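Inspection log for the structure reproduced underneath, given as structure tokens.
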Amino acid sequence: MADKKVTGFVKLQIPAGAANPAPPVGPALGAQGVNIMQFCQAFNAQTQDQAGTIIPVEITVYEDKSFTFVCKTPPAAVLIKEKLGIKSAAAIPQIQVAGTLTEDQLREIAEIKMPDLNANDIEAAMEIVAGTARSMGVRIEGREMKKKYVPSRKVAAMLQGKAVD
């Protein structure tokens, strides 16, 4: 492997166990000249135990059109939504609340994400995940927002049901 020349990288987010040649997988890999079905079969075999979860994957393409890929941990937002059982985040995160995470749930998510985060310890990882949660409108028990949110006139008008120009 060390003597092969790298010709490209492809980053995709694919549902685990459900890679197929349809977009976005087919066009992204086809442009690099990779055997699409070979990738789909290998990816599906490696991720079948996580079926349905979105998995980021980094694919390295070599000169001879062979490839290697590395599966990452699911995005923090996906893990938060799964943990809370919600479909989507709040439309206006600073005002609306999509759900509430406990410290223990936050720690579990941070432990799952730890290999992919730029954090020295679990506490730092928890802060990163907490930031993602706040941006989704998810509150964390025992942690308050540092400053009070004051909505813009446009957001305030939307909240009151008035027309926005």
Side-chain angles (χ1 to χ4, degrees), residues 1-2 4-19 23-25 28-29 32 34 39-40 42-62 67-156 158-159:
M1 285 287 179
K4 289 186 183 181
K5 185 174 181 223
V6 174
T7 59
F9 291 100
V10 180
K11 290 184 178 183
L12 297 171
Q13 290 190 353
I14 311 168
V25 178
L29 296 181
Q32 297 287 336
V34 171
F39 167 76
C40 290
F43 177 82
N44 291 342
Q46 186 171 328
T47 60
Q48 65 188 0
D49 58 327
Q50 298 173 296
T53 305
I54 301 292
I55 303 289
V57 61
E58 293 179 354
I59 306 155
T60 305
V61 182
Y62 299 100
F67 63 90
T68 58
F69 66 94
V70 176
C71 293
K72 300 290 188 178
T73 57
V78 170
L79 294 172
I80 291 167
K81 288 192 290 188
E82 280 180 6
K83 189 65 75 176
L84 294 176
I86 57 175
K87 287 208 181 281
S88 66
I92 307 170
Q94 296 85 352
I95 296 173
Q96 297 172 338
V97 178
T100 304
L101 277 176
T102 65
E103 282 284 327
D104 291 338
Q105 290 173 320
L106 182 66
R107 181 175 292 277
E108 287 173 29
I109 293 169
E111 286 169 353
I112 293 169
K113 285 295 297 172
M114 191 67 182
D116 293 340
L117 293 177
N118 186 13
N120 293 328
D121 58 17
I122 196 66
E123 294 301 320
M126 287 172 66
E127 285 299 318
I128 294 169
V129 174
T132 301
R134 277 192 297 276
S135 71
M136 295 171 63
V138 173
R139 300 284 179 251
I140 293 130
E141 285 180 8
R143 294 183 185 214
E144 293 301 315
M145 291 181 68
K146 291 183 175 56
K147 65 181 191 178
K148 182 78 173 128
Y149 173 74
V150 178
S152 66
R153 280 186 246 150
K154 188 174 184 178
V155 171
M158 284 174 34
L159 290 172

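As the structure is a computational prediction, the values presented were derived from the model and not from experiment. Computation of the quantities below employed the complete heavy-atom set of this structure, encompassing side-chain atoms and omitting hydrogens, waters and symmetry-equivalent molecules. Along the sequence shown, the residues carry numbers beginning at 1.
Contact of the Pro56 side chain with the Leu12 side chain is not registered, since no non-hydrogen atoms from C-beta on lie closer than 4.5 Å. A heavy-atom distance below 4.5 Å is not found between the side chains of Gln32 and Phe67. You'll find the side chain of Pro74 stays beyond 4.5 Å of the side chain of Ile54, heavy atoms only.
Taking each heavy atom of Cys71 and Gln46 in turn, the nearest pair found is SG-NE2, 3.7 Å. Closest heavy-atom contact between Ile112 and Thr73: O-CG2, 3.2 Å. Scanning all heavy atoms of the two residues, the minimum distance from Thr100 to Gln105 falls at O-OE1, 4.0 Å. Between Ala77 and Thr132, the closest heavy-atom pair is N-CG2, 4.0 Å. Listed here is the closest heavy atom pair of Ile140 and Ala133: CD1-CB, 3.9 Å. Nearest heavy atom pair, residue Ala119 against residue Met114, reads O-CE, 3.4 Å.
Salt-bridge annotation for Arg107 and Glu123: present, with a side-chain N of the basic residue lying under 4.0 Å from a carboxylate O of the acidic one.
Distance check, rounded to the nearest 0.5 Å: CG of Leu101 to CZ of Arg134 gives 11.5 Å. Taken to the nearest 0.5 Å, the CD atom of Glu111 stands 12.0 Å off from the CG atom of Leu117. In this structure, Leu79 CG and Leu84 CG are separated by 11.0 Å, a value rounded to the nearest 0.5 Å. Distance check: Ile55 CD1 to Lys72 NZ gives 12.0 Å after rounding to the nearest 0.5 Å. Between atom CD1 of residue Ile109 and atom CD1 of residue Ile128 there is a gap of 13.5 Å, rounded to the nearest 0.5 Å.
Heavy-atom contacts from other residues, nucleotides or ligands closer than 6.0 Å to CG of Asn118 number 12 or fewer. The 12-atom threshold is not exceeded at CG of Asn120, counting heavy atoms of other residues, nucleotides or ligands nearer than 6.0 Å.
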Run the side chain to side chain contact (heavy atoms under 4.5 Å, CB included) check on Phe39 and Val10 step by step: do they pass? CA-CA 12 Å; Phe39 167 76; Val10 180; over 6 Å; no
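Ring planes of Phe43 and Phe69: tilted class, angle from 30 to 60°.
For Lys87 (side chain) and Lys81 (main-chain N/O), no donor-acceptor pair under 3.5 Å exists by modelled atom type.
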